[in-house]
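See structure below.
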Amino acid sequence: MNLLFPKLKSIERFPLFLLRSYLVPANLPQNATSYSNLIEEFTKFCYERDLPRSINAMKCLENHGLMADSVAYSELIKSCISKKAIEEGKLVHKHLLSNGNQPKSFLLSMLVNMYVKFNLLGEAEKLFDKMPERNVVTWTTMISAYSNAKIGRKALEFLILMLRDGVIPNMYTFSSVLRACDGMLSLRQIHCGLFKYGLESDVFVRSALIDVYAKWGELDNALAVFEEFVTGDLVVWNSIIGAFAQNSDSDEALNLFKRMKRAGFAAEQATLTSTLRAVTGLSLLELGRQVHVHVVKYDQDLILNNALLDMYCKCGGLDDARLFFTQMKERDVITWSTMIIGLAQNGFSKEALSLFEKMKQTGTKPNYITIVGVLFACSHAGLLEEGWYYFQSMKKLFGVDPGREHYGCMIDLLGRAGKLDDAVKLLHEMNCEPDVVTWRTLLGACKIHKNAEIAIYSAKKILKLEPDDVGTYILLSNIYENSQRWEDAMNVRKTMKERGLRKEPGCSWIEVDKRIHAFIFRDTSHPQIDDIIRELNRLVLKLRGIGYIPETNFILQDVEGEQKEDSLQYHSEKLAIVFGLMSLPRESVIRIRKNLRICGDCHLFAKLVAKTEKRIIVIRDQVRYHHFQDGKCSCGDYW
DNA sequence: CTAGGGTTAG
């Protein structure tokens, strides 16, 4: 009887009752009383996702030249993928091709996908090339693989090959290939393709489109895609909110968040994470606390908790941040890095470094960004020796090559110590091209140590890279004027005029009673502006009594370029400080956020106010934090 | 069988 089936390679879809009656038990493995039982066993194990037993049974099948139904194999492949069982997956592949079998094409597609999930792109490609027929799923699997592996060129190439093959792309194809776009040209072409195939309203496609436009900084286009249809999908909302939050348009991100809630959607993890980022960008501590209430529901979400921790760090709520950090049940590199950087930026460098030691003890491996934070802490505290130690041994200790940001910290550290020549030397030794931020760091050191020559040198480099940087033009022209190089100064002003550049007005804001009060230089629209100015004048008079002299000559410091004493007096941060004094209870901290760098005079003013009025003032300017307390600032007068 | 959103940086 066994001879009836000697050449039978595949018994899929063969009625089992027939097998039962014809098969003769021979050489049977354990746990199976006949071939049919063996196949049934195998199938059962596959459906139960019992990987070890399935593989054993599969080996028995192979020994007997038998095959089961394709559906069983698809379950088996899924098991291998979910358990990341690479060796077992390869065995399944071998089994499916054993005895010259030609598996169903969907099984081959699944195998391709399996190799992709195992990060064995080469294997996937080999199998893909050998396939007798490729459908949209097979092509999409490969395209998605290349997109994920950030080999965008290959993904786009495969889309073209697929179209040439006459295969019609679907929404899966598009949402994969969109992420592979390498610029506006390919993105626009793909976007057109969406209309051609009538896929422009698919929510997966739309969220991918929004993300990609946002990635290339095209927020208008991202918003246009978003507004095209009324959105009933939370992920699309999350995409558009994230788009603005990640591109530092926090205002718009918060507006969209409000719109989403009004439209009746409940914020969940990704929504809240983006919203917190927007809140952080605007330094709105009280609003952040309100968001915290919603986060409690997802207190096991690490990403969200990290965003919340960062919010407390960057909004001046450092005590809240410390408390929250100690209470966190789970911490990853980002958690530690966020806290280290938060401490360092707020002027607690020693604490940041000891936290770094603690982090190493817990076995969390520091990454590139952690070390930026550590070096930043060193530079902030003037720890020249420690900084050099970490900088020189980071490769050996943590396996991280020093990058632009690490050099930046070291240039800052040397610059702060007055070793400007060493800083320049290090800048030229960098293993990568210095960027604007690197040059600005050097320029910052020049401002403190009043080195006009290197300042001009770095300013020119900055303007070459960023020809619209108003602050640097003004600074450069001020330096020239101060050195009586009138013609050079005039040329700088002329260039500015030609480029149509105007100084961005200084703007400071403060949260009082859940409202944000913004003060813009020379703007008098605040309802209490008269009271504020009266109080400010009174305060200046009082401070003059104890020796305050408005500093009018910040040639190298005042990037706003205001030289006159009366203009200085009404800088936006001064108005915000006075308003804070007037409207916040005595015990509360005055937290202010400014769009530009704080000027030297306002810095001095804040220190003295903190002393005479016995208040803590925290000002976060464009890049740095200033905690004013008892006549001193956490930045140590270096910024 | 193939596709979507979130966290740390000088």
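Chain A is the first sequence line, chain B the second, and so forth, proteins listed ahead of strands; every chain is numbered from 1.
- Taking atom CZ of residue A:F158 and atom C1' of nucleotide B:dA3, one finds them 18 Å apart after rounding to whole Å.
- Under the stacking definition used here (centres under 5.5 Å, planes under 30°), the residue A:F106 fails to qualify as stacked on the base of B:dC1.
- Closest contact between the side chain of A:R404 and the listed nucleotides B:dG6, B:dT2, B:dG10 involves B:dG10.
- Rounded to an integer number of Å, the gap from A:K314 NZ to B:dT7 P is 12 Å.
- In summary, the side chains of A:T441 and A:D412 do not present any donor paired with an acceptor at a separation below 3.5 Å, with no hydrogens or angles considered.
- A:F128 places its CZ atom 19 Å from the P atom of B:dC1, with the value rounded to the nearest Å.
- At a cut-off of 3.5 angstrom, the base of B:dG4 holds no donor-acceptor pair with the side chain of A:D211.
- Taking the centre of each ring, A:H95 and A:Y73 come in below the 6.0 Å mark.
- When heavy atoms are screened at a 4.0 angstrom cut-off, A:S239 is found touching the sugar-phosphate backbone but no base atom.
- The distance between atom CD1 of A:I77 and atom C1' of B:dC1, rounded to the nearest whole Å, is 9 Å.
- Listed nucleotides B:dT2, B:dG6, B:dG10 differ in distance to A:T141; the shortest reach to its side chain belongs to B:dT2.
- Atom CE of A:M328 and atom C1' of B:dT8 are 12 Å apart (whole Å).
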Problem - From CA spacing to verdict: salt bridge (charged side-chain N to carboxylate O under 4.0 Å, His left out), A:R259, A:E227 - result: CA-CA 12 Å; A:R259 248 179 84 184; A:E227 303 286 10; 2.9 Å; yes
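- Using a 4.0 Å cut-off, some side-chain N or O of A:Q345 falls inside it from OP1 or OP2 of B:dG10.
- If you check every strand for non-hydrogen atoms under 4.0 Å, A:L304 touches a base.
- Counting non-hydrogen atoms under 4.0 angstrom, A:L178 reaches nothing in the nucleic acid.
- A:R620 contributes a side-chain N or O that, together with a main-chain N or O of A:K314, makes up a donor-acceptor pair within less than 3.5 Å.
- The interatomic distance linking A:M311 (CE) with B:dT8 (P) rounds to 13 Å, in whole Å.
- Evaluation of atom-type donor-acceptor distances gives a pair under 3.5 Å for the side chain of A:D233 against the base of B:dG4.
- Computed from coordinates, the A:L209 CG to B:dG4 P distance equals 14 Å when rounded to whole Å.
- The base of B:dA3 sits with one of its N or O atoms less than 3.5 Å from a complementary donor or acceptor on the side chain of A:S175.
- Rounded to an integer number of Å, the gap from CD of A:Q300 to C1' of B:dG6 is 14 Å.
- In this model, a side-chain donor or acceptor of A:T438 finds a partner on the base of B:dG10 within 3.5 Å.
- Within the nucleic acid shown, A:F174 has no heavy atom closer than 4.0 Å to any nucleic acid atom.
- No side-chain donor from either of A:R331 and A:N305 sits under 3.5 Å from a side-chain acceptor of the other.
- Checking B:dT2, B:dG10, B:dT7 against the side-chain heavy atoms of A:I334 singles out B:dT7 as nearest.
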